Amino acid sequence: MTLRYVSSILSKVVDCLAPSVTNMLSRGKEVTIGVFGYPEHIISEPLSPKELEEIIFKNCIPYDPIEAVLQQETIIFLGDFISSDYHNAVFDGMLRLRIGWIIQAMKNELSKMQRDQVLHELAPHEVKELVIQVLKDEDENRYLGGAGEEG
């Protein structure tokens, strides 16, 4: 948590963020950046690394500073995950990838698992596994319950 917090306060941005966003956009997905429950910024066209940095910090720092870094991690994981043909079916029917909502779903999943950990304290590989788990659970719910609707 300390590393993410310091990275956020120092406005650190990973190098491969713009290509990851472009990867999602090239597969017909819009991306939103922002903390769940607060205003989001919709990205529908490729942006420069500097533009992405400004959007992330403008939409995350005022509400949850650590989430600025967590959103970057999530974007990179999603960019890698969506490019895999094997996992591409998970994204069928999704028009917009709402990063803040995905992070909220990850927090909810941790709560369901009754783990004593907080999302911000997980190691990056654990965050990645949780992203995949949340997306696969949603994919399974879509087929079992009609896009996650309650029957």
Side-chain angles (χ1 to χ4, degrees), residues 1 3-84 87-113 117-122 124 126-142 145-150:
M1 181 166 132
L3 183 59
R4 286 187 177 110
Y5 181 74
V6 171
S7 296
S8 179
I9 297 303
L10 295 175
S11 300
K12 296 293 184 182
V13 179
V14 293
D15 294 334
C16 56
L17 201 57
S20 293
V21 170
T22 301
N23 193 12
M24 290 182 273
L25 293 172
S26 69
R27 285 167 172 74
K29 312 298 181 198
E30 290 182 330
V31 178
T32 67
I33 294 175
V35 176
F36 178 79
Y38 295 96
E40 309 176 289
H41 183 93
I42 300 170
I43 300 171
S44 55
E45 60 186 34
L47 299 174
S48 71
K50 186 66 178 164
E51 291 170 313
L52 282 171
E53 175 185 343
E54 290 170 5
I55 291 168
I56 288 171
F57 288 102
K58 176 184 170 203
N59 287 282
C60 294
I61 292 290
Y63 312 108
D64 186 353
I66 296 173
E67 193 151 327
V69 174
L70 195 56
Q71 292 220 1
Q72 292 179 60
E73 290 178 48
T74 306
I75 288 168
I76 292 168
F77 299 148
L78 289 172
D80 290 344
F81 193 59
I82 199 170
S83 65
S84 168
H87 299 299
N88 205 16
V90 171
F91 296 95
D92 285 349
M94 290 186 198
L95 300 176
R96 185 174 288 164
L97 299 174
R98 301 177 98 151
I99 306 303
W101 289 43
I102 292 171
I103 290 172
Q104 184 63 37
M106 292 163 52
K107 291 175 182 177
N108 292 345
E109 186 68 21
L110 273 178
S111 176
K112 278 189 339 189
M113 295 165 53
Q117 292 178 302
V118 177
L119 180 61
H120 299 93
E121 295 174 353
L122 297 178
E126 293 174 305
V127 172
K128 182 177 184 175
E129 290 170 5
L130 195 54
V131 168
I132 293 168
Q133 182 177 344
V134 164
L135 290 173
K136 285 189 173 186
D137 282 352
E138 176 59 32
D139 186 44
E140 290 170 9
N141 288 337
R142 187 177 329 147
E149 297 173 337
E150 292 183 23

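None of the values given here were measured: they were computed from a predicted structure. The first residue in the sequence is number 1, and the count goes up from there.
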Pairwise distance [atom1]([X]) to [atom2]([Y]) - rounded to 0.5 angstrom:
{"X": "E54", "Y": "I33", "atom1": "CD", "atom2": "CD1", "answer": "12.0 Å"}
{"X": "R96", "Y": "I42", "atom1": "CZ", "atom2": "CD1", "answer": "3.5 Å"}
{"X": "Q72", "Y": "E53", "atom1": "CD", "atom2": "CD", "answer": "8.0 Å"}
{"X": "I99", "Y": "I103", "atom1": "CD1", "atom2": "CD1", "answer": "7.0 Å"}
{"X": "F91", "Y": "S83", "atom1": "CZ", "atom2": "OG", "answer": "9.0 Å"}
{"X": "L97", "Y": "I43", "atom1": "CG", "atom2": "CD1", "answer": "11.0 Å"}

Taking all non-hydrogen atoms of both residues, which atom of [X] and which atom of [Y] are closest, and how far apart?
{"X": "L47", "Y": "I55", "answer": "CD1-CD1, 3.4 Å"}
{"X": "G34", "Y": "C60", "answer": "CA-SG, 4.5 Å"}
{"X": "E40", "Y": "N59", "answer": "C-OD1, 4.2 Å"}
{"X": "T22", "Y": "P46", "answer": "OG1-CB, 3.7 Å"}
{"X": "E30", "Y": "S44", "answer": "OE2-CB, 3.5 Å"}
{"X": "P124", "Y": "F77", "answer": "O-CZ, 3.4 Å"}

Problem set entry | Backbone of I82 reached by a side-chain donor or acceptor of K29 within 3.5 Å | no

Exercise. Given L52 and I75, is the side chain to side chain contact (heavy atoms under 4.5 Å, CB included) satisfied, shown in steps?
Worked result: CA-CA 11 Å; L52 282 171; I75 288 168; over 6 Å; no

Exercise. Given the rule in the side chain to side chain contact (heavy atoms under 4.5 Å, CB included) test, do K128 and I132 qualify, once you have shown the distances and angles that lead to the verdict?
Worked result: CA-CA 6 Å; K128 182 177 184 175; I132 293 168; 4.3 Å; yes

Problem set entry | Partner set under ring pair (Phe, Tyr, Trp, His ring centres under 6.0 Å) for F36, not counting sequence neighbours | W101

Exercise. Are side-chain heavy atoms of L78 and I102 found at a separation under 4.5 Å?
Worked result: yes

Problem set entry | Non-neighbouring partners of E51 that pass salt bridge (Lys or Arg N to Asp or Glu O under 4.0 Å), sequence neighbours left out | none

Problem set entry | With K107 via salt bridge (Lys or Arg N to Asp or Glu O under 4.0 Å) - residues at least two apart | E67

For this session: Please assess V131 against F81 for the test side chain to side chain contact (heavy atoms under 4.5 Å, CB included), listing each intermediate value before the final yes or no.
Result: CA-CA 9 Å; V131 168; F81 193 59; 5.8 Å; no

For this session: Walk me through it: do D64 and L70 pass the test side chain to side chain contact (heavy atoms under 4.5 Å, CB included)?
Result: CA-CA 10 Å; D64 186 353; L70 195 56; over 6 Å; no

